[in-house]
Each structure stands twice: as structure tokens, then as C-alpha cells.
Student: 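Take a look at the following structure, please.
No hydrogens, no waters, no symmetry mates; every other heavy atom, side chains included, goes into these values. Throughout, a chain's letter reflects where its sequence line sits, starting with A, and its residues are numbered from 1. Keep in mind it's a predicted model, so treat the numbers as computed, not measured.
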Number of protein chains: 2
Amino acid sequence: MPTRRVKLDRIDRRILDDLQENGRMTNVDLARRAGISAPPCLRRVRALEEAGFIRGYHADIAPELLGYELTVFALIGLSSQAKADLQKFEQLVESWPEVRECHMLAGEADFLLKVVAENWDAYKTFVDERLTAAPNVNHVKTMQVLQTTKHRPGVPIDVDAVDEE
Amino acid sequence: MPTRRVKLDRIDRRILDDLQENGRMTNVDLARRAGISAPPCLRRVRALEEAGFIRGYHADIAPELLGYELTVFALIGLSSQAKADLQKFEQLVESWPEVRECHMLAGEADFLLKVVAENWDAYKTFVDERLTAAPNVNHVKTMQVLQTTKHRPGVPIDVDAVDEE
DNA sequence: TTAGAAACCGCAATTATATTGCGCAACTTT
DNA sequence: AAAGTTGCGCAATATAATTGCGGTTTCTAA
């Protein structure tokens with residue numbers, strides 16, 4: 001059984017940072033920028049994927065061009081917070097394609113949903129026929145996104161951080 | 001000046017859907033799945049990128065493994081909503097690496113921020129020394145994410161939708 | 001400290017992809 | 001129907017991704 005590096009060194013951080021910024025960068029470029037040759041670079045990427053540091057790669061698609069003019073964050077309150085009821089709700093959410101993200105929250109509300117819709121009408125239909133119609137949903141507070149002024153992928157990665165351990 | 005296809009056909013939608021799901025899929029696979037040969041598939045991808053349908057590609061990094069144990073959504077209210085003041089705030093936000101997303105909202109609050117931090121302590125420092133210290137910030141309502149139960153990239157793409165136009 | 005193991009690196013060879021240059025067919029536009 | 005346009009696929013070429021190995025540095029533990 002091969003030992004698995006737990007601590008990331010400067011090179012790993014550089015790779016993660018580059019891939020977070022440009023997920024389709026070639027391994028050759030990745031290697032050049034990281035200062036090592038292609039083979040070990042590829043091996044590192046594979047290792048980072050297998051160790052779970054990299055959960056996947058995704059193209060960032062423009063919602064408006066695909067017909068989604070409206071983005072909304074909705075705070076959801078449930079009537080019951082029993083484990084089974086929460087899971088029931090999560091399951092339901094999973095089946096709704098217009099809901100892109102679902103975060104369980106502490107205090108205030110129970111869930112924060114990010115929803116995309118063609119327009120306000122489609123959103124209203126979603127709320128009326130899906131959300132409100134769902135059992136256990138107590139209240140829905142809608143917050144319309146007027147403009148997203150910053151959206152960086154994932155996490156900040158300090159490439160120059162001092163290696164620990 | 002080359003004409004640019006505006007309407008997406010089934011093949012384009014398939015490509016977008018596949019790349020949204022797996023941003024590092026090879027062009028060969030993309031082509032195979034779309035039912036066309038590699039060259040035209042690559043040309044379509046380039047066209048989709050240039051037309052802005054694809055804004056970029058990003059690796060999805062696991063926050064916890066990078067030391068970010070805490071994710072928070074914060075609702076921010078400003079004292080002044082004058083255009084200049086809003087922009088001032090957005091600029092500030094841009095410079096804070098722990099803020100990954102900033103959405104301007106209608107009603108309720110002025111902005112919704114998604115923030116990642118090593119721990120609660122680091123977040124508190126962020127709020128005290130950056131957010132609250134910033135001019136024009138009136139109030140901050142923090143919502144801690146306990147668990148993200150769904151996070152799909154971007155938008156729903158119905159590959160089988162009927163072509164319009 | 002020192003032999004052996006472990007973790008990594010880079011070179012060189014091989015396989016797979018990405019890219020380009022064209023000619024062809026379908027579809028429009030006069 | 002001639003001419004222009006758009007998009008496809010084949011074939012050739014240029015790049016990239018992978019694999020197999022030998023060599024080096026770093027640990028480990030006797």
C-alpha cells in the first residue's frame with residue numbers, strides 16, 4: 001500500500017491554484033508553471049484527484065445566454081427539523097433541476113437555495129407548484145440577485161504559504 | 001466577418017452539458033458523445049467559448065482539505081445605496097480573498113456574500129477587521145453553512161429540448 | 001551511520017489528442 | 001440554377017498524455 005502525501009507542498013498548491021483558475025489547462029502547461037516535468041506533474045494531479053482535493057472539473061456556463069434571466073437565493077424554513085424530515089426535503093430538492101445549490105444553515109432559516117429560472121414567471125410557478133406544495137415547507141423568503149459582482153471558484157489558495165510539518 | 005450561430009442545436013447543448021459535468025473531458029470523447037467527429041466538435045467548443053456561452057473552466061476544490069472548515073453566507077446592508085458607494089463596496093470585496101462570491105440583491109439586504117474561513121475565529125477577525133471596519137457597512141447578518149446537500153454547476157441544460165427558431 | 005525502503009524526479013518511447021488544411025454536401029440567397 | 005455560406009469528416013501533423021525505468025534524495029530503523 002503506497003503512502004499518501006497528506007501535506008501539500010508548494011508545487012501541489014500551485015497545481016490546485018492553476019486548475020481552479022483554468023480547469024482545462026494542459027498538463028504540459030501545468031508542469032511548466034509548477035516547475036517540474038510533465039510526468040510527475042500528471043502523477044500529482046491524479047493523486048490530488050484520488051485524495052479528494054479535486055472533486056471535479058466544470059465548465060462555467062453563462063446563465064443568461066442559456067435563457068436563464070433570473071437567479072434567486074431563497075431562504076427556506078421547515079415546520080419540522082427532525083432528521084427524517086430534513087432528509088425528505090433534501091431528496092426533493094435533489095430532484096428539482098432549477099435548484100443548483102442547497103445549503104443547510106444554522107439558525108435563522110433551515111436552508112438556503114440557489115435557484116435559476118427563465119424569468120420571474122417560471123420562478124413563481126416553481127415556488128407555487130414545487131416549493132410551497134412540498135410537505136413540511138413552512139416559509140420561503142426570496143432574494144433576487146440583481147447582479148453578481150464577484151464569483152471566484154472554490155477557495156483561496158496561497159501558493160507561497162510556508163510548508164508545514 | 002464570419003456569421004455566428006446564435007441558436008444552439010442539440011449537439012451544442014450536449015457539449016455544454018457534458019463540459020459542465022466534466023470540464024476536462026477530452027474533445028474526442030465530447031465528439032463521440034455528441035455524435036460528430038472530433039474536428040467539428042472542437043470548432044464548436046471554440047465557438048461556444050468565444051460567443052461567451054462558456055465563461056471558463058474550473059477545478060472544484062474541497063475546502064475542508066485545504067483547511068477551510070467554515071463556510072458562511074453573510075447578508076450585508078449598507079448605509080448608502082448610492083451608485084458610487086455600492087461600487088466602492090464591490091471594489092473592497094474584490095480585494096478580500098476569503099469572499100468567494102458577492103451578489104447584489106433586491107430588497108431585504110444589499111449584498112449576499114459567500115465567505116470561506118479556516119475557522120470561526122478567522123471569520124470573526126474577517127468581520128471585525130474588514131467588513132465592519134469598512135465604510136458604509138451598516139449591518140452584517142451571518143448564516144453558517146452546516147452542510148451543503150446539493151451543489152450542481154451552473155444551469156440545467158435540457159439536451160433534448162426542441163430546437164427553436 | 002548506514003543499508004534498505006519509500007517517495008519523487010526526469011528522460012525517452014509510445015499512445016492518444018488536438019489542430020489544420022481541404023474537399024464535399026446541404027441549405028440559402030439571388 | 002449559380003454563387004455564397006455553414007458545417008461535416010478525412011487525412012496529415014503537431015501536441016499532449018502516459019508508461020516504463022533508472023537514478024537521486026530522504027527516511028527509517030537496526
Student: Expressed as a whole number of angstroms, how long is the span from A/D29:CG to C/dT17:C1'?
Tutor: 15 Å
Student: Do you know which two heavy atoms are closest between A/M25 and B/R24, and how far apart they sit?
Tutor: O-NH1, 3.0 Å
Student: Just how far, in rounded Å, is P of D/dT18 from CD of A/E49?
Tutor: 9 Å
Student: Among the nucleotides C/dT19, D/dA17, C/dG10, which one has an atom lying closest to any side-chain atom of A/T26?
Tutor: D/dA17
Student: Rounded to whole Å, please give me the gap between CZ in A/R32 and C1' in D/dT15.
Tutor: 11 Å
Student: In whole angstroms, how far is the C1' atom of C/dA7 from the CG atom of A/D9?
Tutor: 12 Å
Student: Using side chain to side chain donor-acceptor pair (under 3.5 Å) as the criterion, point out the one residue from A/E94, A/H58, A/E101 that pairs with B/R152.
Tutor: A/E94
Student: Report all interatomic pairs (protein N or O, nucleotide N or O of nucleotides 19-28 of chain D) with separations under 3.5 Å.
Tutor:
none

Student: Restricting to non-hydrogen atoms, name the atom on A/I61 and the atom on B/R55 that form the minimum distance, rounded to 0.1 Å.
Tutor: O-NH2, 3.5 Å
Student: Check the side chains of B/Y57 and B/E49 for a donor-acceptor pair under 3.5 angstrom, ignoring hydrogens and angles.
Tutor: yes
Student: State whether the number of non-hydrogen atoms from other residues, nucleotides or ligands found under 6.0 Å of A/K150 atom NZ is greater than 12.
Tutor: yes
Student: Students often get this wrong, so: under 4.0 angstrom with heavy atoms, is B/R46 touching a base, only sugar-phosphate, or nothing?
Tutor: sugar-phosphate
Student: With under 30° as parallel and over 60° as perpendicular, where do the rings of A/F89 and A/F111 fit, or are they tilted in between?
Tutor: tilted
Student: Given axes from five pairs at either end, by how many degrees does the helix from C/dT1-D/dA30 to C/dT30-D/dA1 bend, rounded to 10°?
Tutor: 40°
Student: What nucleotide among C/dT19, D/dC8, C/dC8 has an atom nearest to a side-chain atom of A/R44?
Tutor: C/dC8
Student: Starting from P on C/dA16, measure out to CZ on B/R24 and report it in whole angstrom.
Tutor: 18 Å
Student: Both A/N27 and B/I36 contact DNA chain D. Taking the nearest nucleotide for each, which residue is further toward the 5' end?
Tutor: B/I36
Student: Measure CE/B/M25 against C1'/C/dA16 and give the value in whole Å, please.
Tutor: 16 Å
Student: Check B/N138 against B/L78 and note the closest heavy-atom contact, atom names and distance.
Tutor: CB-C, 3.7 Å
Student: Which pair of heavy atoms, one from A/D12 and one from A/K7, lies closest together, and at what distance?
Tutor: OD2-O, 4.4 Å
Student: Please report the C-alpha distance between A/R13 and A/D17 in whole Å, then the side-chain angles of each, then the deciding distance to 0.1 Å, and finally whether the salt bridge (charged side-chain N to carboxylate O under 4.0 Å, His left out) criterion is met.
Tutor: CA-CA 6 Å; A/R13 291 194 300 268; A/D17 197 37; over 6 Å; no
Student: Kindly point out which of C/dT17, D/dA17, D/dC8 is positioned nearest to the side chain of A/V28?
Tutor: D/dA17
